[in-house]
Amino acid sequence: MKYDYLIVGSGLFGAVFAHEATKKGKKCLVIDKRDHIGGNIYCEKIEDINVHKYGAHIFHTSNRKIWDYINRFAEFNQYINSPVAVYKDELYNLPFNMNTFSKMWNIRTPQEAQKIISEQIAKENITEPQNLEEQALSLVGRDVYEKLIKGYTQKQWGRKCTELPAFIIKRLPLRFTYDNNYFNDRYQGIPVGGYTPIIEQMLEGADVLLNTDYFDFIQKNPEITEKIIYTGMIDEYFGFSLGHLEYRTVRFETEVLDTDNYQGNAVVNYTEAEVPYTRIIEHKHFEFGKQPKTVISREYSSEWKPGIEPYYPINDERNSSLYAQYQALAQKEERVIFGGRLGQYKYYDMDKVIEAALDCVEKELN
Ligand code: FAD
Ligand code: UDP
């Protein structure tokens, strides 16, 4: 055996595992089928701007240990995510807060906003929300739902709000203060210089092979490793033998524009159903860039098909029970540990992926 660990995937999960295992004297080989490291947090330099190639990534966490951990690999700036939402010719602050309500109803005080929202909620007469629409209506009322939630959510998930689980919307804060911070977490920022250098440092000391697909590689090199950390799609590992797990995917149309400031904010959501994209990212604003040009990406959400990048696991009943069946198969693979977003079919934020990888290291190596 040439390596203690073959790590499939150079995303955050694989990179944290490789870093910790290498520190403990283990020999690691990291392979990735893409032509670059970093998985979905990879940043590509265009016009001297760090472009988040697979979608906007803002690091946020309430876990001090994870914040300290990631800060060993980068300095983080003071970026606070404060997206705005465009609905037809109206513009609102997100998440739903006093700035949003003041603009929507021309009011100023939390008492006025609370009164309008509770009257709207009462009208709906929903006791136990059964789906995302009912959940949204019973949290913020009809106006906010119709203008800022309904169209966006249907575009993002390709399903009606009445067919989606209620919990998706609970991620979004609702506040009666003038606070546009999209997250409630204690720590937040963007790594100065982007995410790729973090992964580069994590992979120091490990061997890395790019453009290398696991399935070909292991056939040709069956004896290369003791153990495998697999962060690819769990259903693909088992040859889709029980059927395909479903995902939503995102397509990005990226453009360089000959202006230094296109939209004045890193993230602008388009919440009406008629605009085909969900949001426009202007990458330079993540790092307060002063470059003469700008790079924007329009995000289009669609159903995943084999051959394109999977993004968001769909945690409905069918997929959750199919995943449970694959998980049962995974438990029988003694040589393989399944990790990360695709290996565990789980919508993980970056902080949670690091936490999961560190737990995995702890169980495996301590
Ligand atoms: P990945 O990054 O997907 O890495 C898996 C790697 O495995 C890939 O590089 C892939 O090429 C490789 N691979 C797969 N199969 C094979 C194979 N057969 N052979 C070889 N290699 C293979 N999190 C936040 O905290 N904040 C955010 O703002 C945020 N925004 C996001 C926006 C979008 C659009 C998306 C989709 C996710 C966002 N996330 C965000 C989540 C974040 O991207 C993930 O938590 C993190 O990237 C997951 O890391 P991973 O290593 O599990 O998976
Ligand atoms: N959402 C919405 N309007 C917005 C932004 C978000 O209705 O302008 C809803 C949508 O259903 C989305 C959910 O809130 O799926 C969670 O949003 P978040 O920004 O956390 O989604 P992410 O892209 O990070 O998964």
Side-chain angles (χ1 to χ4, degrees), residues 6-17 30-42 52-61 66 70 81 83-87 92 94-96 100 132 135-136 140 144-145 147-157 159 161 164-165 167-173 182-183 185 188 190 195 199 209-218 229-234 236-237 247-250 252 267-271 278-279 281 286 297 299 301 309-313 339-344 346-354 356-357:
L6 169 65
I7 298 165
V8 182
S10 63
L12 199 49
F13 191 99
V16 168
F17 190 93
V30 180
I31 61 169
D32 203 300
K33 64 179 175 186
R34 298 185 191 177
D35 63 0
H36 59 74
I37 57 169
N40 280 1
I41 67 173
Y42 172 70
H52 295 202
K53 188 159 177 199
Y54 301 94
H57 278 77
I58 299 113
F59 198 95
H60 56 97
T61 187
I66 299 300
I70 196 72
N81 198 32
V84 293
V86 172
Y87 175 79
Y92 296 98
L94 292 173
F96 313 130
T100 328
L132 194 149
Q135 179 71 62
V140 282
V144 172
Y145 172 68
K147 289 188 170 179
L148 300 180
I149 297 174
K150 193 176 176 185
Y152 186 93
T153 301
Q154 290 189 5
K155 282 192 288 186
Q156 174 159 2
W157 295 98
R159 285 158 177 74
C161 291
L164 285 164
F167 76 85
I168 291 180
I169 200 72
K170 287 194 194 152
R171 277 170 70 101
L172 287 190
Y182 200 62
F183 302 114
D185 283 320
Q188 182 173 175
I190 299 283
Y195 289 92
I199 301 289
L209 287 176
L210 298 176
N211 300 305
T212 303
D213 190 89
Y214 168 71
F215 301 99
D216 288 344
F217 184 79
I218 201 71
I229 308 294
Y230 178 87
T231 73
M233 289 158 66
I234 186 166
E236 189 177 19
Y237 180 90
Y247 293 87
R248 289 295 286 171
T249 193
V250 191
F252 301 97
V267 184
V268 178
N269 290 3
Y270 286 80
T271 56
T278 49
R279 53 188 182 181
I281 307 300
F286 287 125
S297 300
E299 286 190 23
S301 183
E309 289 294 342
Y311 279 87
Y312 298 99
R341 190 176 63 94
L342 303 171
Q344 294 180 287
K346 192 161 178 187
Y347 187 92
Y348 269 133
D349 275 328
M350 291 180 277
D351 59 330
K352 295 291 185 302
V353 162
I354 296 174

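Remember, it's a predicted structure, so these values are computed and weren't measured experimentally. Heavy-atom basis, side chains included; hydrogens, waters and symmetry copies ignored. Counting starts at 1 for both ligands and their atoms, in listed order.
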N/O to N/O below 3.5 Å, does that happen between [X] and ligand 1?
X    : result
Y348 : yes
F13  : yes
K33  : yes
R279 : no
Y54  : no
D351 : no

[X]: numbered ligand 2 atoms lying under 4.0 Å from its heavy atoms:
X    : result
Y312 : 23 (O), 25 (O)
I169 : 9 (C), 14 (O)
Y182 : 5 (C), 6 (C), 17 (O), 18 (P), 19 (O)
T271 : 8 (O)
I149 : 7 (O)
L94  : 8 (O)
Q156 : 12 (C), 15 (O), 23 (O), 25 (O)

Hey, which atoms in ligand 1 end up nearer than 4.0 Å to a heavy atom of [X]?
X    : value
G11  : 2 (O), 4 (O), 51 (O)
G39  : 2 (O), 4 (O), 8 (C), 9 (O)
G340 : 52 (O)
T212 : 19 (N), 20 (C)
I41  : 47 (O)
G9   : 6 (C), 7 (O), 12 (C)
V8   : 17 (C), 19 (N), 20 (C), 21 (N)

Identify which of [options] has a heavy atom lying nearest to [atom].
atom                    : options                : answer
atom 46 (C) of ligand 1 : D213, D216, V353, I218 : V353
atom 36 (C) of ligand 1 : F215, Y311, Y237       : Y311
atom 25 (O) of ligand 1 : M350, R341, Q188       : M350
atom 32 (C) of ligand 1 : A56, G232, G14, G38    : A56
atom 49 (O) of ligand 1 : L12, D32, I58          : L12

What residue and atom, counting heavy atoms only, is the protein's closest point to [atom], and at what distance?
atom                    : value
atom 2 (O) of ligand 1  : N40 N, 2.9 Å
atom 42 (C) of ligand 1 : H57 NE2, 3.4 Å
atom 10 (C) of ligand 2 : T153 OG1, 3.4 Å
atom 19 (N) of ligand 1 : Y214 N, 3.0 Å
atom 20 (O) of ligand 2 : R171 NE, 2.9 Å
atom 3 (N) of ligand 2  : L148 O, 2.8 Å
atom 16 (C) of ligand 2 : I168 O, 3.9 Å
atom 14 (O) of ligand 2 : L172 CD1, 3.4 Å

**Study point:** Heavy-atom gap Y42 to ligand 1 smaller than 4.0 Å
**Key:**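 False for this residue.
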
Point to revise | Location of contacts on Y312 toward ligand 1, heavy atoms closer than 4.0 Å | key: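 Only the side chain of Y312 comes within reach of ligand 1.
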
Practice item. Tell me which part of F59 gets within contact of ligand 1: side chain, backbone, both or neither, using heavy atoms under 4.0 Å. Key: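 No part of F59 is near ligand 1 at this cut-off.
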
Practice item. Taking all non-hydrogen atoms of both residues into account, name the closest pair between F215 and D213 and its distance. Key: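 That would be N-OD2, 3.0 Å.
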
Check your understanding: N/O to N/O below 3.5 Å, does that happen between A85 and ligand 2?
Key ->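 It does not: no N or O of A85 is found under 3.5 Å from an N or O of ligand 2.
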
Check your understanding: Would you say W157 has any N or O atom under 3.5 Å from an N or O of ligand 2, going by distance alone?
Key ->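 Yes, since at least one N or O of W157 sits under 3.5 Å from an N or O of ligand 2.
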
Review point. At under 4.0 Å between heavy atoms, which part of L164 makes contact with ligand 2: side chain, backbone, both or neither?
Key: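 For L164, there is no contact with ligand 2 at all, from either part.
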
**Study point:** Location of contacts on N269 toward ligand 2, heavy atoms closer than 4.0 Å
**Key:**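 Contact part for N269 vs ligand 2: side chain (C-beta onward).
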
**Study point:** Sole candidate of Q156, R279, R248 that passes side-chain hydrogen bond (donor to acceptor under 3.5 Å, both in side chains) when paired with S301
**Key:**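 Between S301 and the candidates, side-chain hydrogen bond (donor to acceptor under 3.5 Å, both in side chains) is satisfied uniquely by R248.
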
Check your understanding: Taking the inter-plane angle between the rings of Y54 and Y311 on a 0 to 90° scale, is it parallel (under 30°), tilted (30 to 60°) or perpendicular (over 60°)?
Key ->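 Y54 vs Y311 ring planes: tilted.
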
Exercise for review: Taking only Lys NZ, Arg NE, NH1 and NH2, and the carboxylate oxygens of Asp or Glu, determine whether E309 and K53 approach each other closer than 4.0 Å.
Suggested key: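 The answer is no: the pair does not qualify as a salt bridge.
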
